[in-house]
There are 2 protein chains.
Amino acid sequence: MFDLDLRSRKPIYEQLVDKFKELIIKEVIQADEKLPSVRTLARQMTINPNTIQKAYRELESQGYIYSLKGKGSFVQAFSEKASQEELIKVKEKLKAAVSEALYLGMTRADIESLLQEIDESTGGGIIDDKTSGSK
Amino acid sequence: MFDLDLRSRKPIYEQLVDKFKELIIKEVIQADEKLPSVRTLARQMTINPNTIQKAYRELESQGYIYSLKGKGSFVQAFSEKASQEELIKVKEKLKAAVSEALYLGMTRADIESLLQEIDESTGGGIIDDKTSGSK
DNA sequence: TTAACTGTACTAAGGATACTAATACAGTTA
DNA sequence: TAACTGTATTAGTATCCTTAGTACAGTTAA
């Protein structure tokens with residue numbers, strides 16, 4: 001399902017969190033869609049269920065998914081996300097990255113075009129094989 | 001000198017790296033200016049010299065400072081920085097942060113104004129108490 | 001009800017990493 | 001020479017990640 005770097009200094013559960021965030025943000029997995037179960041995914045990736053669980057717990061606390069005992073874990077619908085805390089964190093990340101990028105030689109134009117690129121590939125753009133995916 | 005969170009999960013030396021990057025980027029410390037010595041800073045902050053050294057080693061490998069045995073550590077002049085590797089890393093950071101920000105509800109306009117803000121406070125803007133700081 | 005699935009919680013053990021500590025060597029400067 | 005600087009090494013402790021095993025609770029279908 002994913003390609004993880006088991007030898008990375010970055011913890012597996014954090015890599016999982018990032019991967020899932022990316023899939024959710026790019027709407028590869030959509031609202032209320034079921035995520036693989038903790039045990040299934042653990043078996044598939046030959047890592048411990050506890051590690052998956054830790055990733056899911058983190059995703060839930062960040063508002064990206066919700067879990068129902070006995071049923072499974074599901075992608076949180078868009079509107080209910082965006083806790084104030086998470087927003088502040090992301091803003092800080094953004095500031096740091098932009099500052100560093102500018103310092104390392106990227107121009108405002110470079111950054112703007114990157115912004116453009118992402119903006120298209122995320123919310124507004126790709127309606128690929130579904131013309132109006134209303135539920 | 002800084003406010004560090006000794007209890008954070010983020011290693012002290014990484015916090016130091018970030019702080020120094022920020023100071024260098026904002027030109028609070030300028031090119032060829034001397035950084036506090038490993039031992040002095042360690043004494044001031046009541047942490048181990050080795051931790052400071054680790055931070056300095058990291059900053060040097062990223063091209064932000066240079067060190068001279070017996071003399072000290074100094075801010076690297078602008079032009080010589082910007083290794084291709086670092087640029088790629090920053091671009092990835094930027095992409096992730098922008099995607100997440102958009103997803104959490106920030107608009108392009110929000111991000112643009114943040115960009116504007118940073119752009120002013122970095123290279124072009126503040127020439128505060130020095131009118132033309134030519135060395 | 002039963003069986004098989006789901007999430008969740010807990011304890012224990014190992015391995016890796018961060019940090020501290022102490023010491024040593026080499027170059028610079030007054 | 002003395003006091004500063006960076007750099008390197010070794011060792012011990014603490015913390016975190018990951019695995020492993022077990023257990024409990026809710027859901028679903030036979």
Close N/O contacts between protein and nucleotides 11-16 of chain C (under 3.5 Å):
none

Worksheet item: Are Ile111(A) and Ile88(B) connected in a single hydrophobic cluster, I mean Ile/Leu/Val/Met/Phe/Trp/Tyr linked by side-chain heavy atoms less than 4.5 Å apart?
Response: no

Worksheet item: Among the clusters formed by ILVMFWY side chains lying less than 4.5 Å apart, do Tyr13(A) and Ile47(A) turn up in the same one?
Response: no

Fill in: Set of residues satisfying salt bridge (Lys or Arg N to Asp or Glu O under 4.0 Å) with respect to Lys91(A), sequence neighbours excluded
none

Nearest-Å distance for atom pair [atom1]/[atom2], residues [X] and [N]:
X        : N       : atom1 : atom2 : value
Leu16(B) : dT20(C) : CG    : P     : 10 Å
Asp5(B)  : dA18(C) : CG    : P     : 17 Å
Asn48(B) : dT9(D)  : CG    : P     : 17 Å
Leu41(B) : dC19(C) : CG    : P     : 14 Å
Ile47(A) : dA20(D) : CD1   : C1'   : 14 Å
Ile12(A) : dT18(D) : CD1   : C1'   : 7 Å
Glu14(B) : dA18(C) : CD    : P     : 8 Å
Phe74(B) : dG27(C) : CZ    : C1'   : 13 Å

Worksheet, complete the sentence: Taking five pairs at each terminus, the helix from dT1(C)-dA30(D) to dA13(C)-dT18(D) shows an axis bend, to 10°, of 0°

Worksheet, complete the sentence: From the list Lys26(A), Lys93(A), Lys89(A), salt bridge (charged side-chain N to carboxylate O under 4.0 Å, His left out) with Glu100(B) holds only for Lys93(A)

Using OP1 and OP2 only, check whether a side-chain N or O of [X] sits under 4.0 Å from [N].
X        : N       : answer
Thr51(B) : dA18(C) : no
Tyr13(B) : dA18(C) : yes
Lys54(B) : dC19(C) : no

Discussion item. Quick check for you: to the nearest 0.5 Å, what is the distance between Gln15(A) atom CD and Asp3(A) atom CG?
Written reply: 9.0 Å

Worksheet, complete the sentence: Taken to the nearest 0.5 Å, the spacing of Gln53(A) CD from Asn48(A) CG works out to 9.5 Å

Fill in: ILVMFWY clustering at 4.5 Å (side-chain atoms), partners of Tyr66(B)
Leu68(B), Phe74(B)

Worksheet entry | Over 12 non-hydrogen atoms of neighbours within 6.0 angstrom of NZ in Lys71(A) | no

Fill in: Pairs involving residues 103-115 of chain B, ordered by first then second residue, that meet salt bridge (Lys or Arg N to Asp or Glu O under 4.0 Å) (sequence neighbours left out)
Asp119(A)-Arg108(B), Arg108(B)-Glu112(B)

Practice prompt. Measure the acute angle between the ring planes of Tyr56(B) and Phe20(B), then classify it against the limits of 30° and 60° as parallel, tilted or perpendicular.
Written response: perpendicular

Worksheet, complete the sentence: Under a 4.0 Å heavy-atom criterion, the protein footprint on nucleotides 2-7 of chain C, written with B, S and -, is ----BB

Fill in: Nearest heavy-atom neighbours spanning Ile25(A) and Ser99(B)
CG2-O, 3.9 Å

